[in-house]
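Down below is the structure, laid out as structure tokens.
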There are 2 protein chains.
Amino acid sequence: STSSKQWSRAHDCRSREIFTGTHFQNFRHITSMAQLMTRENAEGILQNVDNFLFDCDGVLWDGNGPINGSLETVLRLKELGKRVFYVTNNSSQTREHYVKKCANYGYDAKKDEILCTAWIAAEYLRAANFKDKVYVMGKKESIGEELDAVGIKYTGPGPDPIVGTGYADWLQEIKLDPEVKCVVVGFDPHISYMKMIRAASYLKNPDCLFLATNKDGSLPVKDSVIRIPGTGCMVSPVSIASGREPIVMGKPAPNMFEVLRKVHNLDPSRCMMVGDRLDTDIQFARNCGMHSMLVLSGISTIDDIQRPAEIGEETHTRPDFYAENLAGLGIFI
Amino acid sequence: STSSKQWSRAHDCRSREIFTGTHFQNFRHITSMAQLMTRENAEGILQNVDNFLFDCDGVLWDGNGPINGSLETVLRLKELGKRVFYVTNNSSQTREHYVKKCANYGYDAKKDEILCTAWIAAEYLRAANFKDKVYVMGKKESIGEELDAVGIKYTGPGPDPIVGTGYADWLQEIKLDPEVKCVVVGFDPHISYMKMIRAASYLKNPDCLFLATNKDGSLPVKDSVIRIPGTGCMVSPVSIASGREPIVMGKPAPNMFEVLRKVHNLDPSRCMMVGDRLDTDIQFARNCGMHSMLVLSGISTIDDIQRPAEIGEETHTRPDFYAENLAGLGIFI
């Protein structure tokens, strides 16, 4: 666990590097202004970008199914010889699941073109040569399976309802597993007070790693009075109770791109991230030195990018380009 | 609900006023340094303070029972003619419960000497002339009973386990109650994903009030490997999912003192807050213009007050005085 701790610290430092975005030679690039997708902009993108990274939910599909025109755009980019990757913060699924989901919608994605946060968490621990046990606040069918695939033991998934009514009951009920040296928090619809106690208690040990798949506050649901809370709602209680900040696997942290870059030897200045969220996708692009495009078919709105920057505000979450949806690029190529 | 919204905004503005603490004439007051309790300091306190506000858990008692010497100190202060109040962020209990708990330990507290956050939340809504329904993420036997006492309808307390496995199930399951115009979040050991969905969905309506009893991250437990998450772990998921910040009833927000001041006509410069937490009790004292004393029998440690201030750090959480425990004042008076 000492080595995994050191590794995590080294990795942490690397994560804090902010790359400076390179700009297209053909464009005047105004840092704080997003440009609407036009034919001219699309041509510039085709000249300057070899690799397209797509967020999935809100870009390729949403809760209601495929988004009109997205598939055609992706297929056309592939025809033009562009490489396509699928980058999702969703921690409820394995890469295998995404291969199938993509295939159902016609995308024909291969496993190594898909980046899911459950897999990145497992990959992170495997690369750190982690040999102890993980306490998982998340799903067996995603984080659990990805840990199984790299041979790492874990405990935690599934229901863990409240027992008793106060201090004394909980102190008696909770038996900590001395093998646990890492807490991984992902999307967990079985979130409960017992799980919060367990996670926060393991994290009293400063040698216990704390990973979060992502920190999204809510999930995109169009045209509903219901708001669907995201993984950030599982991460923040653990963070607050333990007084510790997690190492975040998902966007906007650069861990996902680091993995992709190593495997495929990508030049970030020849990459474009396409997403529907300023605070995850576009910030991720900026953090990794990629170009960026916001589509308005998910969470963020035209108002979010058009309001004037407030004094002192970072411009890291302004996209280079935006369009109503992915078809807004497709129609020009 | 419009009037309650306006009231809440007005109240919010008032809450942001930061009072400037008055200093004892007999003391050189060094803002960033806490003074150990000495005979001379204790004499100064007796001359300058008429009203003592005590946090309970970690000051008067803890998970293991009464803290040695605390009762004697409080009784001695009363003998000397001082007024004593009990101010707790605990949202799991009514004032009646605290009267009984205090009596069990010998404190002989009266109902109007006790401030609990569940009662403050009900009092806040009563004063706002709130006539709609409250969604309570918290306990029936505290927040529920206090709302009953002021005739406000509510729904929510008790178990609300996850139903189904995804979006479609949740969207179908959740039926919002159109009467709900306020979400109150307190300590809730039945916290669940369904509750997060409901609370965040009600808060999509900008006219829906959002109150939190308090935001404590964890509860004091001495000498245990277990960490007990606090109300902050119920508040933060709702805040993150809804993208809204609650109006906070408990310390360090000044709402509790505002109520006490109105009822008892207190002069804050003649008041001292005694607590075990820098981020709640001592910050509360500063926010309300009271003197402050930290006891080390709960959460905060000597290291917390003795480390040098970091550059740019606020000194609002430095206590005026500190002692090992409440007996550290009692031995000198």
Side-chain angles (χ1 to χ4, degrees), chain A residues 62-64 92 139 141 159 161-176 178 187-205 215-221 224-243, chain B residues 62-64 92 139 141 159 161-176 178 187-205 215-221 224-243:
Chain A
D62 63 19
N64 302 321
S92 291
K139 289 185 172 180
E141 58 267 39
I162 186 74
V163 171
T165 54
Y167 271 29
D169 299 325
W170 302 327
L171 293 177
Q172 194 174 356
E173 175 68 19
I174 299 280
K175 300 277 177 282
L176 298 181
F187 185 77
D188 188 351
H190 292 290
I191 181 78
S192 72
Y193 191 62
M194 294 313 264
K195 291 192 177 197
M196 292 180 191
I197 301 177
R198 285 187 220 279
S201 297
Y202 284 123
L203 291 171
K204 279 187 91 166
N205 175 2
K215 292 168 82 171
D216 295 10
S218 59
L219 308 181
V221 186
S224 171
V225 295
I226 305 299
R227 191 179 286 267
I228 301 291
T231 303
C233 300
M234 288 92 204
V235 175
S236 81
V238 176
S239 191
I240 286 172
S242 66
Chain B
D62 63 19
N64 302 320
S92 291
K139 290 185 170 179
E141 59 266 39
I162 186 74
V163 170
T165 54
Y167 270 30
D169 299 324
W170 304 325
L171 292 177
Q172 193 174 355
E173 175 67 21
I174 299 281
K175 301 276 177 283
L176 298 181
F187 185 78
D188 187 353
H190 292 290
I191 180 81
S192 73
Y193 190 62
M194 295 311 265
K195 291 192 176 195
M196 292 180 191
I197 300 177
R198 286 187 218 279
S201 297
Y202 284 124
L203 291 171
K204 278 186 92 164
N205 175 1
K215 292 170 83 172
D216 296 8
S218 59
L219 309 180
V221 185
S224 171
V225 294
I226 306 299
R227 190 179 288 265
I228 301 291
T231 303
C233 299
M234 289 93 204
V235 174
S236 82
V238 177
S239 190
I240 286 173
S242 66

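Just so we're on the same page: letters track the sequence lines, and every chain starts at 1.
Here the closest non-hydrogen pair linking B/S224 and A/L171 is OG-CD2, 3.7 Å. Nearest heavy-atom pair, B/K204 versus A/V225, reported as atom, atom and distance to 0.1 Å: CD-O, 3.4 Å. Of all heavy-atom pairs spanning B/W170 and B/T165, the tightest one is CZ2-C, 3.9 Å. When every heavy atom of B/E173 is checked against every heavy atom of B/V163, the shortest pair comes out as OE1-CG1, 3.7 Å. In terms of heavy atoms, A/D188 sits closest to A/M234 at O-CE, 3.4 Å.
Contacts between B/K195 and chain A at a heavy-atom distance below 4.5 Å are absent for every atom of the residue. When heavy atoms are compared at a cutoff of 4.5 Å, A/S92 does not approach chain B at all. Looking at A/L203, neither its backbone nor its side chain comes within 4.5 Å of chain B, counting heavy atoms on both sides. B/L176 touches chain A through its side chain: at least one heavy atom from C-beta onward sits under 4.5 Å away, while N, CA, C and O do not. In this structure, chain B has heavy atoms under 4.5 Å from both the backbone and the side chain of A/I174. For chain B, no part of A/M194 is nearby; none of its heavy atoms comes within less than 4.5 Å.
When each of B/S236, B/A168, B/S218 is checked for heavy-atom pairs under 4.5 Å with chain A, B/S236 comes out on top. Among A/P229, A/P237, A/G217, A/S192, the residue with the largest count of heavy-atom pairs under 4.5 Å with chain B is A/P229. Among the candidates B/S242, B/S239, B/P159, the residue making the largest number of heavy-atom pairs closer than 4.5 Å to chain A is B/S242. Residue with the most contacts toward chain A among B/A199, B/S201, B/G232, B/A200: B/S201 (heavy-atom pairs, distance under 4.5 Å). Of the listed residues (A/G166, A/G243, A/C233, A/P161), the greatest number of heavy-atom pairs within a distance under 4.5 Å of chain B belongs to A/C233.
Separation of atoms CE (B/M196) and CD1 (B/I162) is listed at 10.0 Å; rounding is to 0.5 Å. Interatomic distance, CG of B/D216 versus CD1 of A/I240, reported as 11.0 Å (0.5 Å rounding).
The aromatic rings of B/Y193 and A/F187 sit perpendicular, their planes meeting at an angle over 60°, well past the 30° parallel limit.
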